[in-house]
Amino acid sequence: MRTQVGIVGAGPAGAMLAHLLARAGVDSVVVEARSREYVQERVRAGVLEHGSCDLMDAAGVGARMRREGLVHHGIELRFGGRGHRIDLSGLTGGRTIMIYPQREVVKDLTDARVAAGLPIFFEADEVRVAGLDGDRPKIDFRHADSAWRVECDFIAGCDGFHGVCRESIPPAALRVYERVYPFGWLGILAEVAPSSDELIYCSHERGFALHSMRTPALTRLYLQCDPNDAIENWPDDRIWRELHTRFAAAGDWRLAEGPIVQKGITPMRSFVVEPMRYGRLFLAGDAAHIVPPTGAKGLNLALADVKVLAAAIAEFYRSGRHDPLDNYSSACLRRVWKVQRFSWWMTSVLHRFPDETPFDWRRQQAELDYVTSSSAAAASLAENYVGLPLD
Ligand code: APR
Ligand code: PHB
């Protein structure tokens, strides 16, 4: 089959790109390795920046998010056993963040695609991209026991960190920047109302902890752990004990417990490839960059990339102009590196490092003290947390 844009992957990047292109009158075909149920159920991130919410609205898929999402105006930084609120809205001229699970974003976008009868292949096997440096790149795959070929003008590699698109670029054409952190996050989903109305980022001498949420009845909690630890070493009662220890605070605040319905350990890395383009292949989202989750930026970066890409592709079909496509990589990378810096900073200031010295610990505590007592420092955190401008 023939299309204008072949999209590999139906995570937030691929699903949003397909949607934005359709609204601009550009045809696309989406090829996704997993089943529709799998991509819609996968437990992932949960914080949308102000600009990501606006993009959901502008794409015409914001209605359920506006109904069911939880608007937050602040976050708490907890250290030395005391909580300190960062007034995100007050420090950013009224901007907010939205708690709305990534899987709901993907569900809204993929359901809209299916309902519109536009082509999306789930459970595609042996996905390959070829002809990237010619003018008719193609995606080959198997689906329901048949071989398929999609011939395209452009391919969008939205297939995540472990996808095939980035791997199909000759290594000499890419520069890779990477940092692997000496810790991971043990994450749980518990069926209990959140213990606080806002997210709590907690620095403790035993390691970082985070209190987040998915809905008014589902709490999401994380603990810094050894990245090579096995989840079998963490029975539920050990997880709760460790969470209670790290979140302990002056006053009568208590962390509420409930049945743990999901748990897992995720390693953490910072990763960027440059450029985000090779010939007619454009990389977007986790295929091009990974941030550690401490700043809650992965999903938002993916959406920001495809906003730029959709506009550049639409402009090409409207006027024949190439320059927005030629500028795609550098336009995205400017923002990507600022978000990398912020995610690295949040990670560095809140986690314990195996090789740190007592000096480093004191410096971290002083940095948290500074950020929560200086309005200039708090404003810098807040403007990054609610999201830098998308363009
Ligand atoms: N062929 C087709 N699809 C593939 C292939 C392949 N070879 N490999 C992976 N995929 C699919 C995955 O199944 C997934 O649905 O590509 C999609 C990539 O989605 P994500 O990993 O969610 O990446 P992205 O859309 O860039 O969104 C980034 O996801 O991992 C989180 O924290 C990250 O929130 C961030 C967001
Ligand atoms: C989440 O709810 O999963 C979450 C929230 C904030 C983060 C990371 C993850 O910084």
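The figures that follow rest on heavy atoms only: side chains count, while hydrogens, waters and symmetry mates do not. Numbers here are sequence positions counted from 1. All ligand and atom numbering here is 1-based and tracks the order in the structure.
Residue contacts with ligand 1: Ala302 is placed with no nitrogen or oxygen under 3.5 Å of a nitrogen or oxygen of the ligand (distance criterion only). Close N/O approach between Ala45 and ligand 1 is not found [any backbone or side-chain N/O within under 3.5 Å]. Between Gln102 and ligand 1, at least one pair of N/O atoms sits closer than 3.5 Å. Between Thr294 and ligand 2, at least one N/O pair is under 3.5 Å apart. When only interatomic distances are considered, the shortest N/O to N/O separation between Pro12 and ligand 1 falls below 3.5 Å.
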Kindly determine whether Met98 and Leu70 satisfy side-chain contact (heavy atoms from CB on, under 4.5 Å), including the steps that lead there. CA-CA 5 Å; Met98 177 81 85; Leu70 309 172; 5.8 Å; no
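Look at Asp140 and Arg128 and you find no salt bridge, because none of the NZ, NE, NH1 or NH2 atoms lies under 4.0 Å from a carboxylate O. Using a 4.0 Å cut-off between charged nitrogen and carboxylate oxygen, Lys263 and Asp236 count as a salt-bridge pair. With respect to the salt-bridge test (charged N to carboxylate O, under 4.0 angstrom), the residues Arg34 and Glu123 do not qualify. Taking 4.0 Å as the cut-off between side-chain N and carboxylate O, Asp57 and Arg66 count as a salt-bridged pair.
The distance from the CD1 atom of Ile97 to the CD1 atom of Ile75 is 7.0 Å, given to the nearest 0.5 Å. Expressed to the nearest 0.5 Å, how far CD1 of Ile155 lies from CG of Leu281 amounts to 6.5 Å. Note that CG of Leu333 is 9.0 Å distant from OH of Tyr177, once rounded to the nearest 0.5 Å.
In Ala296, the parts holding a heavy atom less than 4.0 Å from any atom of ligand 2 are both the side chain and the backbone. The backbone and the side chain of Ala13 each have at least one atom closer than 4.0 Å to an atom of ligand 1 (non-hydrogen atoms only). Here Val31 has backbone heavy atoms under 4.0 Å from ligand 1, and that is the only part of it that gets that close. Residue Pro293 does not touch ligand 1, judged by heavy-atom distances below 4.0 Å. Residue Arg42 touches ligand 1 through its side chain alone, judged by heavy-atom distances below 4.0 Å. Of all the heavy atoms of Asp159, the ones lying under 4.0 Å from any atom of ligand 1 are found in both the backbone and the side chain. Both the backbone and the side chain of Asp286 come within 4.0 Å of ligand 1, counting heavy atoms alone.
Aromatic ring centres of Phe316 and Phe154: separated by under 6.0 Å. Aromatic ring centroids of Phe353 and Trp361 lie 6.0 Å or more apart. Aromatic ring centroids of His204 and Phe247 lie 6.0 Å or more apart.
Summary of contacts: the protein heavy atom closest to atom 7 (N) of ligand 1 is Val164 CG1, 3.5 Å. Counting protein heavy atoms only, atom 8 (C) of ligand 2 is closest to Pro293 O, 3.2 Å. The protein non-hydrogen atom at the shortest distance from atom 31 (C) of ligand 1 is Arg44 NH1, 3.1 Å. With respect to atom 2 (O) of ligand 2, the closest heavy atom belonging to the protein is Ser212 OG, 2.6 Å. The nearest heavy-atom contact from the protein to atom 3 (N) of ligand 1 is Ala33 N, 3.1 Å. Of all protein heavy atoms, the one lying nearest to atom 10 (O) of ligand 2 is Tyr201 OH, 2.6 Å.
Surrounding CG of Asp252 are at most 12 heavy atoms belonging to other residues, nucleotides or ligands under 6.0 Å away.
In this structure, Met346 has no heavy atom closer than 4.0 Å to ligand 2. Taking a 4.0 Å cut-off on heavy atoms, Cys158 registers as neighbouring ligand 1.
The nearest pair of heavy atoms linking Leu17 to Ala156 is CD2-CB, 3.3 Å. Taking every heavy atom of both residues into account, Arg214 and Ile99 meet most closely at O-CG2, 4.1 Å.
Stacking of Arg341 on the aromatic ring of Trp344 is not recorded, the 6.0 Å distance cut-off and the 45° axial limit not both being met.
Ligand-side atoms of ligand 2 in range of Val47: 5 (C), 6 (C), range being under 4.0 angstrom from any heavy atom. Every atom of ligand 2 with a heavy atom of Tyr222 under 4.0 Å away is listed here by number and element: 1 (C), 3 (O), 4 (C), 9 (C). For ligand 1, the atoms closer than 4.0 angstrom to any heavy atom of Leu299 are 34 (O), 35 (C). Interface of Val8 with ligand 1, defined as ligand atoms under 4.0 Å from a residue heavy atom, comprises 1 (N), 2 (C). Short contacts between ligand 2 and Leu199, defined as distances under 4.0 Å to a heavy atom of the residue, involve ligand atoms 5 (C), 6 (C). Counting the atoms of ligand 1 from 1 in the order shown, those under 4.0 Å from a heavy atom of Val39 are 15 (O). Annotation for ligand 1: atoms under 4.0 Å from non-hydrogen atoms of Gly285 are 26 (O). Ligand 1 places these atoms under 4.0 Å from at least one heavy atom of Gly160: 18 (C), 21 (O), 23 (O). Interface atoms of ligand 1 facing Gly163, defined by a heavy-atom separation under 4.0 Å, are 8 (N).
Between Phe141 and His143, the angle of the ring planes goes over 60°, which puts this pair in the perpendicular group of the 30/60° scheme. In this pair, Phe183 and His351 present their aromatic rings parallel. The plane angle is below 30°, not in the 30 to 60° band. Ring geometry for Phe161 versus Phe271: interplanar angle over 60°, hence perpendicular rather than tilted (30 to 60°).
Counting only non-hydrogen atoms, the option in Arg34, Glu32, Glu167 that gets closest to atom 12 (C) of ligand 1 is Glu32. For the residues Gly9, Gly11, Ser168, the heavy atom positioned nearest atom 19 (O) of ligand 1 is part of Gly11.
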